[in-house]
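To find a chain, count down the sequence lines: A is the first, B the second, and so on, and within it residues start at 1. Source: prediction; values computed, not measured.
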Number of protein chains: 2
Amino acid sequence: MAPVSVFSASDIELGFHAFSDPLRLQVLELLKQRELCVCELCAALEVPQSKLSFHLKALKTANLVKSYQEGRWTYYSLNLNQFLRLEQYLAEFRRYGDIVPARRCDDDL
Amino acid sequence: MAPVSVFSASDIELGFHAFSDPLRLQVLELLKQRELCVCELCAALEVPQSKLSFHLKALKTANLVKSYQEGRWTYYSLNLNQFLRLEQYLAEFRRYGDIVPARRCDDDL
DNA sequence: GTAGCATATCAATATAAATTGATGAGTAAA
DNA sequence: TTTACTCATCAATTTATATTGATATGCTAC
């Protein structure tokens, strides 16, 4: 099996999984503009708080967002480093340049 | 809600979802090197054919791979355009540069 | 034609992820 | 020091995805 360069598979998987849900995408879009607390996100997206909390946890686990608490509020923001890592993972595929055609599958070695 | 630039949400979602599975990642890694037919992938990954077929379909639906048939064989290869699209989607987030701190959530407008 | 191979699809099941409503922990204002 | 508020977590349920084994389709060599 081909070695997977510097990326840990599960790390990448987690990251992309976090991107594969409409609500989580909306959250990320909102955080693009600026840091927001949970109650602001909740209001903007019109979803129950426990639902949002679930998805924020997914984003956090995937390292796509960071958060800190201040008084009663918890503020979330993008962790752009991780965005860059995923971007680089994708970019690696293109570095190989054009597609090498298959050897006919029944050819000898 | 913030407009989502030129990307259709479901398109992006599908693409990232396809990336969020270990077997699909392995398939992509193998196709990085060159075009392969299903039976080659099957042998390399040591998975049942119907399982592989299921995941190839997911990759195809997400536009990450293309395929063509030749005789009895079906050859798969990366669709690098779609990789680029996903990369660009991620890159957009970083274009905003540094994180704007939150307004205190209980401040007046 | 018929036999064998490559692949896709299907129905049944198993597994994983998301949703809901309720509860609990921490904070701070009254 | 009680009350209200923000948020995370939990158990129960629903929904979505993946896996399996079997079967169907289409191609080709015989």
- Query: Does some side-chain heavy atom of N63(A) sit less than 4.5 Å from a side-chain heavy atom of N81(A)?
  - Reply: no

- Query: Is it true that K66(A) and E35(A) make a salt bridge, defined as a side-chain N closer than 4.0 Å to a carboxylate O?
  - Reply: no

- Task: Would you check if the side chain of Q88(B) reaches a backbone N or O of L90(B) as a donor-acceptor pair within less than 3.5 Å?
- Result: no

- Going 5' to 3' along DNA chain D, which nucleotides are the first and last within contact of chain A (any atom under 4.0 Å from a heavy atom)? dC5(D) to dT9(D)

- Query: In the 5'-to-3' direction, what one-character label does each nucleotide of nucleotides 6-17 of chain C receive under the scheme B = base within less than 4.0 Å of a protein heavy atom, S = sugar-phosphate only, - = no such atom?
  - Reply: SBBB-------S

- Item | side chain to side chain contact (heavy atoms under 4.5 Å, CB included) evaluation trace for S67(B) with Y75(B) | CA-CA 5 Å; S67(B) 66; Y75(B) 293 92; over 6 Å; no

- Query: Could E13(A) and R24(B) be called an ion pair, given the rule that one side-chain N must be under 4.0 Å from one carboxylate O?
  - Reply: no

- Message: For the aromatic rings, using the six-membered ring if either is Trp, is the centroid distance between F19(A) and F83(A) under 6.0 Å?
- Response: yes

- Using ring pair (Phe, Tyr, Trp, His ring centres under 6.0 Å) as the criterion, list what pairs up with F54(A), not counting sequence neighbours. none

- First encountered from the 5' end of DNA chain C, between S20(A) and G71(A): S20(A)

- Message: Can a donor-acceptor pair be found, under 3.5 Å and without considering hydrogens, that links the side chain of S53(A) to the backbone of S50(A)?
- Response: no

- Query: Given atom CG of L52(A) and atom C1' of dG21(C), what is their separation to the nearest angstrom?
  - Reply: 16 Å

